[in-house]
Protein chains: 2
Amino acid sequence: MTNTIPWELYRSLLAVLQEGSLSAAARALDLTQPTVGRHISALEAALGQTLFTRSQAGLLPTDAALALRPHAEAMHSTAAALERMAHGLGSEARGPVRISASEIVGVEVLPPLLAPLRDRYPHLEIELLLSNRVQDLVLREADIAVRMTPPQQDVLLAARVDDAVIGLYAHERYLQQHGTPTTLEALAGHALIGFDTETPFLRSAAQRFSLWQRANFAWRSDNDLAQRALLRAGAGIGVCQTRLVQPGSGLVRLFAQEFALPLPTWVVMHADLRSSLRCKVVFDALVQGLRAGPAVG
Amino acid sequence: MTNTIPWELYRSLLAVLQEGSLSAAARALDLTQPTVGRHISALEAALGQTLFTRSQAGLLPTDAALALRPHAEAMHSTAAALERMAHGLGSEARGPVRISASEIVGVEVLPPLLAPLRDRYPHLEIELLLSNRVQDLVLREADIAVRMTPPQQDVLLAARVDDAVIGLYAHERYLQQHGTPTTLEALAGHALIGFDTETPFLRSAAQRFSLWQRANFAWRSDNDLAQRALLRAGAGIGVCQTRLVQPGSGLVRLFAQEFALPLPTWVVMHADLRSSLRCKVVFDALVQGLRAGPAVG
DNA sequence: TATTGGTCATGCAAAAAAGTATAGCCGCGG
DNA sequence: CCGCGGCTATACTTTTTTGCATGACCAATA
């Protein structure tokens with residue numbers, strides 16, 4: 001295998017896949033369209049595969065190109081992580097740190113923890129990558145992750161912090177109108193707010209609380225923020241992390257004994273990044289803050 | 001972040017780290033020494049970090065360069081995986097497939113399984129990556145892995161196959177000379193063959209068989225092949241996968257009831273690679289072969 | 001139907017990167 | 001102590017790559 005394919009070509013490949021045309025890719029890469037076109041041609045020649053079927057309305061990627069896309073994306077992630085790391089290797093905590101977390105944690109929990117940090121280290125740049133899909137730290141899409149699943153790779157540095165606790169809630173307004181259920185079974189008659197697509201975690205939760213299944217939900221959303229907005233609007237009964245419920249919000253906890261789902265929580269980082277002062281600073285702050293039991297802002 | 005650092009520079013960085021000098025890196029990359037030198041200079045300028053302290057006897061990498069090395073290696077792995085995948089995207093099973101497995105599995109189990117496969121698909125190229133360290137499939141160091149740990153990433157496609165079973169063995173010659181232990185406790189007086197460095201799996205094994213600890217071993221090696229060679233040479237009592245012991249080898253199983261450690265075994269592949277015919281072919285062959293209960297060759 | 005805004009392909013000049021050759025420095029061994 | 005083989009750094013030339021300008025094509029729209 002002559003390993004002489006310039007890596008630049010992969011970057012162009014990715015840009016064309018992302019942007020859909022040579023011209024758009026050229027704009028994104030700050031190159032010109034002929035250049036990107038030549039890159040693609042060179043790559044096709046080197047790989048012995050047709051990557052795009054040319055058309056004037058843009059390029060149509062072949063199956064081959066689509067199959068290669070994840071690899072190109074991985075290279076991009078890695079390159080970005082490399083730059084990120086290099087950007088603050090000095091003795092000062094400065095430069096970008098990417099944190100992956102769920103949307104609701106990123107919105108409600110992290111900001112009050114991180115704001116004072118930036119006061120101490122004004123040159124820190126915090127990037128929040130919020131999604132419920134578990135970001136792949138190994139692929140370097142993020143530097144630090146706040147996760148509800150146990151860390152799986154031994155190249156990762158993990159610190160367990162306080163469990164989040166999922167409780168069952170409803171707005172007092174809803175309870176006034178529809179009554180307060182007195183047994184778990186009675187929940188069946190209520191407007192339940194739940195998830196839309198099933199995940200492994202939800203499957204295991206459904207085993208403990210058999211009612212908690214998609215078919216029983218009057219409201220379905222995978223967006224935790226939307227679920228909480230529905231709760232606040234008095235739309236029905238749903239779940240929420242207990243630490244996110246502020247007193248005076250009108251939300252009432254139901255079945256506090258029977259319905260309490262602890263979520264083991266970890267802060268995870270690449271072991272590599274220990275040498276990066278700014279990552280370490282953020283990691284430590286997250287661990288400490290999440291152990292202190294943060295209040296909602 | 002001006003994301004305009006040419007990826008080529010990372011490749012040169014890696015080569016210099018691996019080879020230890022600009023000249024050697026240039027040879028490895030099939031470039032010239034001034035070119036590689038310019039690459040490093042450009043990278044240092046772009047990253048704002050000194051990567052090497054120049055000296056005439058070669059370059060000494062700074063901490064920064066060492067910190068960046070894993071990233072550069074990841075890019076290299078990914079690029080290689082991309083090429084590998086592209087190399088056989090056609091409708092035929094041809095091209096390279098990298099299989100990661102433990103040394104002993106790669107030596108004893110896989111060859112008889114894979115040999116007939118290459119008869120059917122003569123254009124397959126099989127690369128065996130044998131090490132006891134769990135290869136990171138996510139980093140694309142290999143396409144397929146035979147593992148004794150549960151698959152951890154959901155981007156991976158895994159098939160569980162027959163458990164390997166670890167048994168306790170000694171050569172009949174050894175037993176004639178030293179006697180056959182009748183109780184597990186009696187093992188303490190024998191020449192035990194065991195591991196050298198502790199791993200998580202070994203820690204858990206030691207809990208079940210308290211004798212199985214480093215301090216008690218007369219022979220220590222992390223190399224399973226060496227351990228088996230010691231067994232065969234009558235050096236003492238040690239463990240071995242039961243399926244690797246051929247009748248007539250002179251090895252006698254001890255405490256077959258009490259000492260039997262099943263090793264759950266998986267064949268794992270990137271989900272991506274399903275679209276790669278040659279990977280799928282090898283994957284299927286491994287799964288089928290490892291379910292049939294292979295005999296040792 | 002003619003125009004506009006988008007695409008890709010191609011010829012040619014300019015710029016950027018490569019290679020070549022050479023000089024200088026160091027350590028080692030006869 | 002001097003030559004040899006390793007290394008890096010620099011001036012210069014050559015090659016490669018890029019950018020620019022342009023032409024052709026298509027689709028949507030006035």
Side-chain angles (χ1 to χ4, degrees), chain A residues 2-47 49-66 68-69 72 75 79, chain B residues 2-66 68-69 72 75-76 79:
Chain A
T2 55
N3 196 7
T4 178
I5 299 180
W7 288 359
E8 291 306 309
L9 304 190
Y10 300 140
R11 169 190 259 169
S12 293
L13 167 67
L14 178 60
V16 174
L17 284 168
Q18 285 175 335
E19 305 290 333
S21 77
L22 295 183
S23 309
R27 282 191 294 271
L29 293 174
D30 204 20
L31 295 175
T32 58
Q33 166 261 317
T35 298
V36 178
R38 286 184 283 245
H39 282 182
I40 298 299
S41 303
L43 195 55
E44 288 179 325
L47 296 178
Q49 300 284 160
T50 302
L51 296 174
F52 296 92
T53 54
R54 264 72 168 179
S55 85
Q56 281 77 1
L59 301 198
L60 192 73
T62 64
D63 289 346
L66 293 176
L68 299 181
R69 177 169 186 162
M75 292 197 70
Chain B
T2 56
N3 194 8
T4 179
I5 299 181
W7 287 0
E8 292 305 307
L9 303 191
Y10 300 141
R11 169 190 260 171
S12 293
L13 168 65
L14 178 61
V16 174
L17 283 168
Q18 286 175 335
E19 305 290 333
S21 77
L22 296 182
S23 310
R27 283 192 294 272
L29 293 175
D30 202 22
L31 295 175
T32 59
Q33 167 260 318
T35 299
V36 178
R38 284 185 284 247
H39 282 183
I40 299 299
S41 301
L43 196 55
E44 287 179 325
L47 297 178
Q49 300 282 170
T50 303
L51 295 173
F52 297 92
T53 54
R54 265 74 169 179
S55 85
Q56 280 78 2
L59 301 197
L60 192 72
T62 63
D63 289 346
L66 294 175
L68 299 180
R69 176 169 187 165
M75 291 198 72
H76 176 78

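Letters go in sequence order (proteins before strands), and every chain restarts at 1.
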Report the distance from atom [atom1] of [X] to atom [atom2] of [N], rounded to the nearest whole Å.
X: A:Leu22; N: C:dC8; atom1: CG; atom2: P; answer: 4 Å
X: B:Ile40; N: D:dA9; atom1: CD1; atom2: P; answer: 11 Å
X: A:Glu19; N: C:dG6; atom1: CD; atom2: P; answer: 14 Å
X: A:Leu59; N: C:dG6; atom1: CG; atom2: C1'; answer: 13 Å

Should [X] be listed as having a side-chain N or O under 4.0 Å from OP1 or OP2 of [N]?
X: A:Arg54; N: C:dA9; answer: yes
X: B:Arg27; N: D:dC7; answer: yes
X: A:Ser23; N: C:dG6; answer: no

(message) A side-chain contact here means heavy atoms from C-beta on lying under 4.5 Å apart; do B:Leu31 and B:His39 qualify?
(response)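 Result yes, sub-4.5 Å side-chain heavy-atom pair found.
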Protein-nucleotides 16-20 of chain D N/O pairs under 3.5 Å:
unit_1, atom_1, unit_2, atom_2, d
D:dT18, OP1, A:His39, NE2, 3.0
D:dT18, OP2, A:His39, NE2, 3.4
D:dG19, OP2, A:Thr32, N, 3.2
D:dG19, OP2, A:Thr32, OG1, 3.0
D:dG19, OP2, A:Thr35, OG1, 2.7
D:dG19, N7, A:Arg38, NH2, 3.0

Determine yes or no for a side-chain-to-main-chain donor-acceptor pair under 3.5 angstrom, with [X] supplying the side chain and [Y] the backbone.
X: B:Glu8; Y: A:Glu8; value: yes
X: A:Gln33; Y: A:Ser21; value: no
X: B:Glu19; Y: B:Ala26; value: no

(request) Report the residues that fulfil salt bridge (charged side-chain N to carboxylate O under 4.0 Å, His left out) with B:Arg38, sequence neighbours left out, ordered by chain and then residue number. (result)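 None.
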(request) Drop me the distance from B:Gln18's CD to B:Leu29's CG, to the nearest 0.5 angstrom. (result)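 Between atom CD of B:Gln18 and atom CG of B:Leu29 there are 9.0 Å.
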